[in-house]
Amino acid sequence: MEYKHKDIEQRWQRYWKDNKVYKTETDSTRPKFYILDMFPYPSGAGLHVGHPLGYIASDIFARYKRLRGFNVLHPMGYDAYGLPAEQYAIQTGQHPEVTTRENITRYRGQLDRIGFCYDWDREIRTCDPQYYKWTQWAFIEMFNHYFDTAVNKAMPIKNLEKHFEKYGSEGINAAQTKPLNFTAEEWQYMDARQKSDTLMNYRLAYLGNTMVNWCAKLGTVLANDEVSEGVSIRGGYPVEQRLMWQWCLRVSAYAPRLLDDLEKLEWSDSIKETQRNWIGRSEGAEMQFKIKDSDVEMTIFTTRADTVFGVTFMVLAPESKYVDMVTTADRREAVEAYRNEIKHKTERERMIDKKVSGVFTGAYAINPLSGKEIPVYVSDYVLAGYGTGAIMAVPAHDSRDYAFARHFDLPVIPLIEGADVSEESFDAKEGRMINSDGPELNLNGMEVKDAIAATKRFIEEKGIGKVKTNYRLRDAIFSRQRYWGEPFPVYYKDGIPYMFDESQLPLQLPEIDKYLPTETGEPPLGRAKNWQTADGYPLELNTMPGFAGSSAYYLRYMDPHNDSALVGKEANDYWRNVDLYVGGTEHATGHLIYSRFWNKFLYDLGKVCENEPFRKLINQGMIQGRSNFVYRIKDTNKFVSYNLKKDYDVTPIHVDVNIVTNDVLDIEKFRGWRPEYAGAEFILEEGKYVCGYAVEKMSKSMFNVVNPDDIVERYGADTLRLYEMFLGPVEQSKPWDTNGIDGVNRFIKKLWNLFYKGDMLLVNDDEPSAESLKSIHKLIKKVTTDIEGFSYNTSVSAFMICVNELTSQKCHNRAVLSDLLVLLAPFAPHVAEELWHAIGNDTTVCDAAWPQWNEEYLKEANVNYAVSFNGKARFNVSVAADMPASEVEKMVLAHENSARWIEGKQIRKVIVVPGKIVNIVVG
RNA sequence: GGUCGAAUGGUGGAAUGGUAGACACGAAGGACUUAAAAUCCUUUGGCCAUUGCGGCUGUGUGGGUUCGAGUCCCACUUCGACUACCA
């Protein structure tokens with residue numbers, strides 16, 4: 001029999017499917033293991049070979065855990081809402097649901113061909129009403145809760161209302177948008193609208209008038225993690241700041257917990273660090289500065305309280321509420337002009353334009369420690385959204401303040417001994433204080449660290465400020481002006497938002513005629529007919545963002561068909577949380593923050609039993625494209641081979657990597673590739689046309705996309721799986737390069753030849769030799785430890801070594817080969833299954849037991865010691881493995897080569913590392 | 001600018017502080033074959049020696065710790081990822 005990958009793979013994929021081999025049930029008698037892939041967005045382009053990298057790694061782990069007796073939950077689904085389907089719909093009029101369904105079908109086909117062990121009965125799609133019912137439900141719960149900072153968890157908003165009735169805002173401990181002050185009586189006299197507005201200040205899901213990232217081209221607002229460098233991540237369109245009424249999630253309330261709980265997670269240090277930076281805890285102080293000749297007091301935030309004696313001016317964000325309060329009449333016009341100018345710049349323009357700009361308000365503030373008068377400016381380098389939107393500027397010790405001071409010719413007072421501030425500021429937090437002597441506080445001579453502490457203590461005592469911890473993490477903007485997303489379960493009565501009752505969910509996405517905003521500029525849902533409650537109240541026109549559906553999907557997999565809860569208590573108590581989560585780093589500040597927030601919220605409500613959703617996280621690297629180039633001589637249809645191109649004036653042109661093999665162009669296929677190349681001529685080297693290459697993102701426009709289907713067709717899924725693992729460590733990014741795939745394919749054929757010679761099965765029950773036992777037990781040990789440590793690439797090498805050894809040993813022993821197949825089953829399940837049955841098993845290899853290695857077989861009879869003198873010049877000695885170190889020493893010193901090296905010199909030290917080295921120090 | 005990570009042959013990559021370069025690709029030579037494919041064998045970091053079994057050198061650069069450093073420490077160079085006017 002010959003190794004025919006197509007027959008084998010089709011046969012076993014059908015068998016696994018028909019017999020529901022990978023179906024998972026809750027089973028309290030067995031330990032559970034939940035291993036999850038980040039589910040894909042089903043794009044129109046289909047999967048390329050980069051996508052399955054993480055899926056293969058997790059599939060190997062899932063199969064391995066199963067073989068070790070765990071009850072493994074390994075599901076898959078689709079993050080089906082998203083912008084590309086909607087934009088395609090705008091262009092073609094095709095309903096996004098239709099294209100999404102088609103794309104899912106294509107994805108499923110591609111995934112199936114690779115032989116994954118997903119339990120497809122648990123598949124979920126975020127656009128399925130039975131699923132998004134629970135997304136809507138969670139939103140309602142967030143609306144109905146606030147975050148209590150005293151107990152550090154979410155509490156019902158009803159509690160807060162009761163408190164208001166009795167005590168007003170006095171004594172509340174609630175995360176809030178802004179501080180409010182009202183009495184119980186004032187609360188009583190508020191009308192429905194005012195009460196609603198007041199409660200919005202505290203709800204975890206709230207309607208807020210906030211500064212948002214508005215992308216005109218996409219016609220929607222975007223969350224901070226969907227914007228990078230001032231342009232939208234999807235499409236790269238410019239984004240500007242706008243004040244809009246939006247649904248928001250009070251993620252910031254959970255910032256301390258999101259930060260602290262990172263410690264417990266088995267995530268890579270780099271991704272934890274990314275989250276830490278994103279949450280951005282900074283300890284500092286808030287301080288009040290009085291405005292001269294006015295009642296206004298401005299609050300600023302600083303982490304450098306020690307530098308207060310070096311404050312020579314203050315700066316307000318253009319959007320700051322203080323601007324109107326302090327600007328003098330004669331400066332009003334100039335300030336307004338500046339604010340308008342800033343308002344019309346996009347975020348991107350503000351970033352590119354690093355020029356210092358700003359305007360004087362006419363006001364002077366009084367330094368609370370030195371009593372000096374200092375001018376107040378407005379500038380866009382101060383952000384409205386962070387701290388209080390106002391800063392005290394210390395040009396000597398902050399580079400941004402320094403640039404501003406130089407531009408407006410403001411004084412610079414150095415505060416640290418030896419700091420040279422003639423050319424640039426001294427930003428380091430170290431050194432000894434000078435020039436910091438005020439009427440009540442003297443910091444001179446202190447170290448910076450102590451000066452910060454002393455100043456904080458002083459301002460708290462004097463009531464001019466307080467110690468404050470700020471977080472960079474902002475609330476998540478939760479509205480999108482799009483069609484293809486979850487509708488909000490919200491209706492409006494007299495302009496006040498109300499939630500649907502849970503029993504009325506899901507609120508289904510309506511049909512519309514065109515997927516564009518309405519003529520009046522409302523979101524696409526404004527086109528829906530009868531988009532109102534039974535009583536005629538209008539419904540919310542926005543939809544939820546992409547991260548809504550992906551924030552709790554891992555919980556739904558535990559209990560995907562439950563009609564009465566997101567996840568039932570029994571299922572949740574058993575599966576708890578994800579033991580191993582595999583996905584890309586690009587979600588570090590998006591999905592992985594939102595999911596943790598969402599999970600913590602549900603945990604506070606007692607709906608889930610674990611505080612964190614993903615216990616261990618592995619970030620697979622990205623597979624980049626490896627593009628190929630041909631070199632056309634300018635103004636001709638003649639192409640010159642890579643190593644000859646320096647003699648010509650050439651234009652490099654991307655060429656489809658699928659007509660290039662090992663960087664050699666298939667000339668005939670190239671002529672047929674595009675009509676303009678039909679008459680192409682070539683200047684060859686050694687009879688071949690050699691292409692150049694470059695590593696780039698894998699994309700259609702670079703003609704470097706490799707479809708896994710083609711690899712499966714040609715080499716088989718097992719080869720694809722092994723090869724993707726063999727390429728290098730899973731966590732590392734690397735270009736896709738098929739140059740080595742033949743080696744992996746050869747390995748499978750060699751494995752096959754251990755079992756078959758022609759049609760004859762070679763397997764026997766002879767006593768296995770000691771060296772065969774050693775080979776297989778070495779492999780068991782290596783593969784077991786490698787899988788536990790996610791070193792799949794070295795595992796694949798170990799398989800190759802073992803098969804080579806068994807081949808040269810002519811080992812066809814059934815027991816040895818059985819162990820080999822079980823070890824291989826996670827990596828190459830089809831061929832393992834085929835051979836497993838060929839040697840007489842009638843159960844599936846997926847139900848076998850993982851073999852244990854026996855150290856007895858691994859023991860060496862003899863051990864090689866490397867002998868060195870002063871760490872140099874070595875020779876080897878071979879001694880019995882159980883010889884004690886002192887005997888080894890004697891034997892080495894008696895060795896003829898030792899005499900040569902010692903040559904009468906004194907022996908100072910002899911070091912024997914058991915089994916490894918003998919080092920003799922002479923001199 | 002900040003944070004984190006990386007640097008090893010022609011290539012992808014191996015090496016609990018202990019004989020660097022496993023394994024694979026590619027390349028060269030050979031066997032089988034009328035020929036090709038497939039398969040198998042040999043060589044393959046560099047330099048020198050190759051009718052002697054060897055010698056020298058070598059993990060981005062410069063220092064350090066150690067009997068011994070690709071591995072640990074310090075500084076630098078280059079590259080990558082993330083983030084970015086966060087006071």
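Note on naming: letters A, B, ... go to the chains in the order of the sequence lines (proteins, then strands), and numbering restarts at 1 for each one. Nothing here was measured: the structure is a model prediction, and the numbers come from that model.
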[atom1] of [X] versus [atom2] of [N]: gap in Å, rounded?
X	N	atom1	atom2	value
A/Glu724	B/G12	CD	P	18 Å
A/Met298	B/A87	CE	C1'	14 Å
A/Met392	B/A87	CE	P	12 Å
A/Leu592	B/C82	CG	C1'	14 Å
A/Asn619	B/G5	CG	C1'	13 Å
A/Tyr792	B/G12	OH	P	24 Å
A/Lys468	B/A87	NZ	P	13 Å
A/Asn804	B/A22	CG	C1'	13 Å

Quote, to the nearest angstrom, the [atom1] distance that separates [N] from [M].
N	M	atom1	result
B/G5	B/U57	P	34 Å
B/A38	B/A28	P	14 Å
B/A15	B/A7	P	12 Å
B/G58	B/A37	P	42 Å
B/G13	B/C47	C1'	25 Å
B/A20	B/G45	P	14 Å
B/U42	B/C23	P	12 Å
B/G63	B/G12	C1'	33 Å

Nearest to the side chain of [X], heavy atoms from C-beta on, is which of [options]?
X	options	result
A/Thr274	B/A14, B/G12, B/C82	B/C82
A/Met800	B/G13, B/C23, B/U83	B/C23
A/Phe726	B/C23, B/U83, B/A87	B/C23
A/Asp380	B/C85, B/C23, B/C25	B/C85
A/Ser282	B/A87, B/C23, B/U3	B/A87
A/Pro729	B/U83, B/G12, B/A14	B/A14

Paired with [N] by Watson-Crick or G-U wobble geometry, both distances under 3.5 Å: which nucleotide is it?
N	value
B/U51	none
B/C23	B/G12
B/C4	B/G80
B/U66	none
B/U61	B/A75
B/A38	none
B/U33	none
B/A87	none

With side chains defined as the heavy atoms from C-beta onward, is the minimum distance between A/Arg304 and A/Val394 less than 4.5 Å?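 The answer is no, as the side chains (C-beta and beyond) never meet within the 4.5 Å cut-off.
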Would you confirm whether the ring centroid of A/Tyr377 sits within less than 6.0 angstrom of the ring centroid of A/Phe404?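 A/Phe404 vs A/Tyr377: aromatic centres under 6.0 Å.
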Taking the six-membered ring for Trp, are the ring centroids of A/Tyr723 and A/Trp736 within less than 6.0 Å of each other?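 They qualify: ring centres under 6.0 Å apart.
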Do the side-chain N or O atoms of [X] get closer than 4.0 angstrom to the phosphate oxygens (OP1, OP2) of [N]?
X	N	answer
A/Tyr386	B/A87	yes
A/Ser399	B/G1	no
A/Arg472	B/A87	no
A/Gln732	B/G13	yes
A/Asn277	B/C4	no

Scan [X] against the nucleic acid and name what it touches under 4.0 Å (heavy atoms): base, sugar-phosphate only, or nothing.
X	value
A/Lys782	nothing
A/Pro735	nothing
A/Arg281	nothing
A/Asn793	sugar-phosphate
A/Arg746	sugar-phosphate
A/Ile391	base
A/Phe747	nothing

B/G58 glycosidic torsion: syn (within 90° of 0) vs anti: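 Base orientation relative to the sugar is anti.
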salt_bridge([X], [Y]) N-O dist < 4.0 Å:
X	Y	answer
A/Arg281	A/Glu283	yes
A/Lys778	A/Glu805	yes
A/Lys781	A/Glu855	yes

5′-ward residue of the pair A/Arg474/A/Glu586 relative to RNA chain B: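 Final value for this comparison: A/Glu586.
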Quick check: on RNA chain B, is the nucleotide nearest A/Asp401 upstream (toward 5') of the one nearest A/Gly728, or the reverse? Name the residue that is more 5'.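 So the residue in question is A/Gly728.
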Locate the shortest heavy-atom distance separating A/Gly50 from A/Ile623; write the atom from each residue and the value.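 So the two residues come closest at CA-CB, 3.6 Å.
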Once you measure the plane-to-plane angle for A/Tyr792 and A/Phe827, does it fall in the parallel (<30°), tilted (30-60°) or perpendicular (>60°) bin?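 The arrangement is perpendicular - the two ring planes meet at more than 60°.
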A/Glu423 atom CD, neighbour heavy-atom count above 12 within 6.0 Å: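 No - once you tally the heavy atoms of other residues, nucleotides and ligands closer than 6.0 Å, there are 12 at most.
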